[in-house]
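These notes concern the structure reproduced below.
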Amino acid sequence: MQSVSEEKFRQEITRFCHLIYEKCYVASTDGNVSVRLPDGNIMCTPTICNKGFVKPEDMVIIDSKGKRVKGERKASSEMAMHLLIYEMRPDANAVVHAHPACATAYAAAGIPLNKALISEVVLALGCIPLAEYGTPGTPELTDQLRPFVKSYDALLMANHGVVTSGANLEDAFNRMDTVEHFAKISIYTKILGRERLLSSEDVEKLWVQRQKYYGLDESEAQPKDPMCPVTDGLSETISLTRSELIDLIERVVSTLK
Ligand code: 13P
């Protein structure tokens, strides 16, 4: 016999799986999604399933140790990662793991998304750190994630993808959405050849706003690994054409003569 709430969660996971597939945050059988049920068990996607076609009845229920308690199929191979987040974050009731192209490109390049480029991203997530590579589905991966889980709601996993968590599935999905959108904007600023970062004063003000906006206490509002604001303009990226560069060098050389 299945409760109304269990059916609601099956439907909800299915809806967000279809959404991450439609938004190209996963391809083929990539990614996995889970929620913490009111009784403390975890409902998750089965392993090796296309998230675009998954159905409510495919979901698997496991206990907090990872043992299957309900479902025909095998649970996702990444449940250790989800269980780590549920264990370390009592505030998290949903986890989304996906491989969105732009954010995963950052993860593959070994670059964290930690620049204060966009006010709303500073407000929503702070920085998005990069956890070093660990083989998927093994303790190597959870060991790399552990240092970050307490302080961050979205993580890049080197050479792998992104994992986000939230109070509910919509929150966790929104964070995935923000990470990918921010990664895309970050790439565009690189293409434009110029990144004008927020100043440290601006970031400070955003943290005050963040506290008010999300009703956080001070410790929750402050990131352990701060953004990379500029105070002196030295970390700003600029671009010059070849002739501008030649002109600049010639002028510097002429002043030395
Ligand atoms: P599962 O099919 O076992 O959920 O794994 C998919 C995945 O994305 C691994 O990183």
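Residue numbers run from 1 in the order of the sequence given. When a ligand or atom number is given, it counts from 1 through the structure's own listing order.
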Per-residue contact class, Thr45 against ligand 1 - non-hydrogen pairs under 4.0 Å: neither
Where ligand 1 meets Ser77 - atom numbers and elements under 4.0 angstrom, heavy-atom basis: 1 (P), 3 (O), 5 (O)
Enumerated ligand 1 atoms positioned under 4.0 Å from heavy atoms of Asp30: 8 (O)
His99 neighbourhood, listing ligand 1 atoms whose heavy-atom distance to it stays under 4.0 Å: 8 (O), 10 (O)
Heavy-atom side-chain proximity of Glu57 to Thr14 below 4.5 angstrom: no
Atoms in ligand 1 with a heavy atom of Thr29 nearer than 4.0 Å: 2 (O), 6 (C)
Nearest-neighbour protein heavy atom for atom 2 (O) of ligand 1, which is reported as residue plus atom name and distance: Ile48 N, 2.8 Å
Inter-residue atom distance Leu245.CG - Glu250.CD, 0.5 Å rounding: 10.0 Å
Nearest protein heavy atom with distance in Å, relative to atom 8 (O) of ligand 1: Gly31 N, 2.7 Å
Nearest protein heavy atom with distance in Å, relative to atom 9 (C) of ligand 1: Glu78 OE2, 3.4 Å
Heteroatom distance test (Thr47, ligand 1): nitrogen or oxygen, under 3.5 angstrom: yes
Thr164 (side chain) donor-acceptor with Asp153 (main chain) under 3.5 angstrom: no
Atoms in ligand 1 flagged as close to Ser76, the criterion being non-hydrogen separation under 4.0 Å: 1 (P), 3 (O), 4 (O)
Interfacing atoms of ligand 1 (cut-off 4.0 Å, heavy-atom, His97): 8 (O), 10 (O)
CA sep, side-chain torsions, deciding dist, call: Arg251, Val253, side chain to side chain contact (heavy atoms under 4.5 Å, CB included): CA-CA 5 Å; Arg251 277 195 283 141; Val253 169; over 6 Å; no
Summary of side-chain hydrogen bond (donor to acceptor under 3.5 Å, both in side chains) pairs that have at least one residue in residues 93-107, sequence neighbours excluded: Asp30-His99, Arg36-Asn93, His97-His99, His97-His160
Test side chain to side chain contact (heavy atoms under 4.5 Å, CB included) applied to Cys49 and Asp58, step by step: CA-CA 9 Å; Cys49 77; Asp58 295 330; 6.0 Å; no
Closest approach of any protein heavy atom to atom 6 (C) of ligand 1, naming residue and atom: Asn32 ND2, 3.6 Å
Pair Lys23 + Glu180, salt bridge at N-O below 4.0 Å: no
Check ion pair Arg175-Asp171 (N to O, under 4.0 angstrom): no
